[in-house]
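My questions will all concern the structure given below.
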Amino acid sequence: MSVYYKNTERNIMLQAVIFDLDGVITDSARYHFEAWRDIASKLQISFDETYNEKLKGVSRLESLNLILDNGPGRDYFSKDEKEALCTEKNEIYKELIKQITPDDLLPGIGNLLTECKKAGLKIGLASVSKNAPFIVERLQVADYFDHIADAAKITRSKPFPDIFSDCVESFGLLPENCVGVEDAKVGIEAIHAAGMKAVGVGSPDQMADADLILSGTSELNLQKLRSLAD
Ligand code: B16
Ligand code: MG
């Protein structure tokens with residue numbers, strides 16, 4: 001480590017910021033909720049926004065399993081039936097996210113991306129959503145990202161570190177020089193498991209383990225992220 005720091009100015013210790021998508025860059029979590037609510041209602045399983053918190057940051061199949069846990073159980077349907085339900089949910093979701101526009105960037109995110117870019121930081125996207133590339137195109141922010149992790153290649157979802165580690169490795173950086181931003185409890189765990197400091201955006205109870213807790217994205221700025229890495 002000391003060798004790495006030798007030629008590094010204190011104020012450029014932060015070298016990359018790695019963002020979650022749903023709930024951090026844009027509020028696509030509500031579209032996941034709406035799509036799963038349709039499936040749960042068809043299956044006559046109760047499902048509300050409180051239960052939906054458990055689904056944030058977890059894979060499509062695991063989301064279905066969590067919903068089934070609240071009904072007939074995750075082993076009730078065959079693998080093929082579950083795959084069909086996941087596809088059905090994704091078709092509903094894909095229709096909903098077509099309405100996303102650049103106005104749907106969450107407050108403060110546009111400025112933060114610009115600040116990071118101007119400061120020469122690497123910017124990564126660590127979303128386990130296979131629809132993430134479509135959403136960043138809809139938001140017109142794709143060009144800000146130096147690396148968008150390919151969710152299809154990541155077999156272990158959050159809370160495993162894989163998706164964040166993929167970004168860190170693609171930059172050739174050490175995790176201690178990167179900061180992750182998340183809105184899900186499993187996402188904070190994933191950032192820590194990758195060896196990085198975590199900024200949690202959301203309620204203090206959900207974000208309790210984060211190194212910096214902010215109530216909303218409008219509170220994010222580069223200075224706060226830098227102070228975390230120092
Ligand atoms: P998809 P993130 C996650 O995205 C969502 O939070 C989670 O609710 C969803 O199940 C998962 O992506 C998979 O998404 O079905 O579109 O592939 O929070 O990691 O940006
Ligand atoms: Mg999220």
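Every number for a ligand or one of its atoms is a count from 1 in the order of the listing.
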*Enclosure of E81 CD (heavy-atom neighbours >12, cutoff 6.0 Å)*: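 Enclosed.
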*Restricting to N, O or S atoms of D183, which is nearest to the Mg ion (ligand 2)?*
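Relative to the Mg ion (ligand 2), the closest nitrogen, oxygen or sulfur of D183 carries the name OD1.
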*Going by the order shown, which atoms of ligand 1 are within less than 4.0 Å of some heavy atom of G57?*
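Within the 4.0 Å cut-off of G57, ligand 1 contributes 5 (C), 6 (O), 7 (C), 8 (O), 18 (O).
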*Do I92 and E34 come close enough that some side-chain heavy atom pair is under 4.5 Å?*
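I92 does not reach E34 side chain to side chain.
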_Only heavy atoms of N131, strictly under 4.0 Å: list the atoms of ligand 1 that pass._
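Contacts of ligand 1 toward N131, numbered from 1: 1 (P), 16 (O).
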*Drop me the distance from F33's CZ to Y93's OH, to the nearest 0.5 angstrom.*
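It comes to 14.0 Å.
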*Go through ligand 1 atom by atom and flag the ones less than 4.0 Å from a non-hydrogen atom of S127.*
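Those atoms are 2 (P), 4 (O), 19 (O), 20 (O).
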*For D20, what is the atom name of its N, O or S atom nearest to the Mg ion (ligand 2)?*
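Minimum-distance N/O/S atom of D20 relative to the Mg ion (ligand 2) is OD2.
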*Under 4.0 Å, heavy atoms only, figure out whether ligand 1 is touched by the backbone of K130, its side chain, both or neither.*
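For K130, the contact with ligand 1 is made by both the backbone and the side chain.
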*Does ligand 1 have any atom that is closer than 4.0 Å to a heavy atom of S63?*
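The answer is yes, since S63 has a heavy atom less than 4.0 Å from ligand 1.
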*Indicate yes or no for a side-chain donor-acceptor contact from E115 to the backbone of L222 under 3.5 Å, with no hydrogens or angles considered.*
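At least one qualifying donor-acceptor pair exists.
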_Using a 3.5 Å cut-off on N or O atoms only, is N90 in polar contact with ligand 1?_
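No, no N or O pair falls under 3.5 Å.
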_Is it the case that over 12 heavy atoms from other parts of the model lie below 6.0 angstrom from the CZ atom of F160?_
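At most 12 heavy atoms, drawn from other residues, nucleotides or ligands, come within 6.0 Å of this atom.
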_To the closest 0.5 Å, what do you measure between CG (D205) and NZ (K185)?_
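Here the interatomic distance stands at 9.5 Å.
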*Using distance alone, with no hydrogens and no angle criterion, decide if H32 and K89 have a side-chain donor and acceptor under 3.5 Å apart.*
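Note: H32 and K89 side chains meet the donor-acceptor criterion.
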*Would you say the side-chain atoms of K56 pair up with the backbone N or O of D183, donor to acceptor, closer than 3.5 Å?*
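No, the answer is negative, given that no donor and acceptor are paired below the 3.5 Å cut-off.
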*Donor-acceptor pair between S78 and D80 side chains, under 3.5 angstrom*: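 Absent: no donor and acceptor within the cut-off.
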*Got an N/O contact under 3.5 Å between S129 and ligand 1?*
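Yes, at least one N or O pair falls under 3.5 Å.
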*Which residue and non-hydrogen atom of the protein lie closest to atom 18 (O) of ligand 1, and at what distance in Å?*
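Atom 18 (O) of ligand 1 sits closest to the protein heavy atom D20 OD1, 2.8 Å.
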_Proximal ligand 1 atoms for K89, defined as those under 4.0 Å from one of its heavy atoms_ =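 Here the atoms of ligand 1 in question are 15 (O).
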*asked:* To the nearest 0.5 Å, what is the distance between NZ on K130 and NZ on K153?
replied: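 Answer for the NZ-NZ pair, K130 versus K153, is 13.0 Å.
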*State whether the shortest distance between N or O atoms of Y93 and N or O atoms of ligand 1 falls below 3.5 angstrom.*
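No, Y93 has no N/O under 3.5 Å of an N/O on ligand 1.
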*Look at atom 3 (C) of ligand 1 and say which protein heavy atom is nearest, naming residue and atom and giving the distance to 0.1 Å.*
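Ranking protein heavy atoms by distance from atom 3 (C) of ligand 1, first comes D22 OD2, 3.4 Å.
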*Side chain, backbone, both or neither: which part of L55 comes within less than 4.0 Å of ligand 1 when only heavy atoms are counted?*
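The part of L55 near ligand 1 is the backbone, not the side chain.
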*Is there a chain of hydrophobic side chains (I, L, V, M, F, W, Y, each step under 4.5 Å between heavy atoms) that links I213 to L220?*
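Each belongs to a different hydrophobic cluster.
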*Using a strict cut-off of 4.0 Å, indicate which atoms of ligand 1 neighbour a heavy atom of K56.*
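Once the distances to K56 are compared, the set is 6 (O).
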*Which protein non-hydrogen atom lies closest to atom 19 (O) of ligand 1, naming both residue and atom, and how far is it?*
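Ranking protein heavy atoms by distance from atom 19 (O) of ligand 1, first comes K158 NZ, 2.7 Å.
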_Just checking K82: does its NZ atom have more than 12 heavy atoms from other residues, nucleotides or ligands closer to it than 6.0 angstrom?_
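Yes, NZ of K82 has more than 12 neighbouring heavy atoms, counting only those of other groups under 6.0 Å.
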*Does an N or O from A126, backbone or side chain, lie closer than 3.5 Å to an N or O of ligand 1?*
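Such a contact does not occur with ligand 1.
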*asked:* Looking only at protein heavy atoms, which one is nearest to atom 15 (O) of ligand 1, and what is the separation?
replied: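 Among all protein heavy atoms, the one nearest atom 15 (O) of ligand 1 is R60 NE, 2.7 Å.
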*What part of V58 sits under 4.0 Å from ligand 1 if we count only heavy atoms: the side chain, the backbone, both or neither?*
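Within the 4.0 Å criterion, V58 contacts ligand 1 through backbone atoms alone.
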